[in-house]
Amino acid sequence: QVQLVESGGGLVQAGGSLRLSCAASGRTFSPYAMGWFRQAPGKEREFVTCVTWNGGIRYYAASVKGRFTISRDNAKNTVYVQMNSLKPDDTAVYYCAAGSVPGDLSSGSAYDSWGQGTQVTVSS
């Protein structure tokens, strides 16, 4: 059973940067993809970015493309998202997720394991 733990959230000013990390634990970790979702107060959960584990193919939501960069360290079972040029609209709880099989990676249904989330707050 895969367990995911996020870290790196916090409070930053608009225009600032944060790097979130998500570390996976378990006897075996071999996902198809890992991704990040976020949920702001009063809004639905939305896809942010993801990366396939073996091929390293990256996908981004239009709202973050050019500002966020996802990366992974397979040896450390860890995925990161570097978030630059942060905006107040980026304020949300960010969730890390791992998916075991191919699917629509922009949908939460493609993922089997989820972290508890880390708060990102961007002030104006």
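Each residue takes its place number in the sequence, starting with 1.
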Are more than 12 heavy atoms, taken from residues, nucleotides or ligands other than Gln116, located less than 6.0 Å from that residue's CD atom? no

If you apply the rule side chain to side chain contact (heavy atoms under 4.5 Å, CB included), what do you find for Thr91 with Gln119, and how did you get there? CA-CA 8 Å; Thr91 295; Gln119 177 71 48; 4.0 Å; yes

Test item: side-chain donor near acceptor, Arg38 and Tyr94, under 3.5 Å: yes

Strictly by modelled atom types, are Thr78 and Asp73 linked by a side-chain donor-acceptor pair under 3.5 Å? no

Working to the nearest 0.5 Å, report the span between [atom1] of [X] and [atom2] of [Y].
{"X": "Leu20", "Y": "Tyr95", "atom1": "CG", "atom2": "OH", "result": "13.0 Å"}
{"X": "Glu46", "Y": "Ser106", "atom1": "CD", "atom2": "OG", "result": "11.5 Å"}
{"X": "Ser25", "Y": "Gln3", "atom1": "OG", "atom2": "CD", "result": "4.5 Å"}
{"X": "Ser17", "Y": "Arg67", "atom1": "OG", "atom2": "CZ", "result": "10.0 Å"}
{"X": "Asp90", "Y": "Leu18", "atom1": "CG", "atom2": "CG", "result": "10.0 Å"}
{"X": "Ser30", "Y": "Asn54", "atom1": "OG", "atom2": "CG", "result": "6.0 Å"}

Quick one: does Tyr32's side chain get under 4.5 Å of Thr52's, heavy atoms only? yes

Using the rule that Ile, Leu, Val, Met, Phe, Trp and Tyr join whenever any side-chain heavy atoms are under 4.5 Å apart, tell me whether [X] and [Y] fall into a single cluster.
{"X": "Tyr60", "Y": "Val79", "answer": "yes"}
{"X": "Met83", "Y": "Val122", "answer": "yes"}
{"X": "Val64", "Y": "Val51", "answer": "yes"}
{"X": "Leu86", "Y": "Trp36", "answer": "yes"}
{"X": "Val93", "Y": "Phe47", "answer": "yes"}

If every non-hydrogen atom of [X] is compared with every non-hydrogen atom of [Y], which pair is closest and at what distance?
{"X": "Gln39", "Y": "Lys43", "answer": "NE2-O, 3.1 Å"}
{"X": "Pro31", "Y": "Ala98", "answer": "CB-CB, 4.4 Å"}
{"X": "Cys96", "Y": "Met34", "answer": "SG-CE, 3.7 Å"}
{"X": "Arg19", "Y": "Gln82", "answer": "CB-OE1, 3.5 Å"}
{"X": "Val2", "Y": "Ala24", "answer": "CG1-CB, 4.3 Å"}
{"X": "Asp112", "Y": "Gly99", "answer": "OD2-C, 3.7 Å"}

Less than 6.0 angstrom separating the ring centers of Phe29 and Trp53, yes or no? yes

Between Trp114 and Phe37 (judged by ring centroids, cut-off 6.0 Å), do the two rings come close enough to count as a pair? yes

I'd like to know if the side chain of [X] and the backbone of [Y] have a donor-acceptor N/O pair within less than 3.5 Å.
{"X": "Thr118", "Y": "Glu6", "value": "no"}
{"X": "Arg58", "Y": "Gly56", "value": "yes"}
{"X": "Gln13", "Y": "Ser123", "value": "no"}

Using the rule given for side chain to side chain contact (heavy atoms under 4.5 Å, CB included), can you reason through Thr69 versus Tyr80, listing the C-alpha separation, both sets of side-chain angles and the distance that settles it, and then say yes or no? CA-CA 8 Å; Thr69 303; Tyr80 309 90; over 6 Å; no

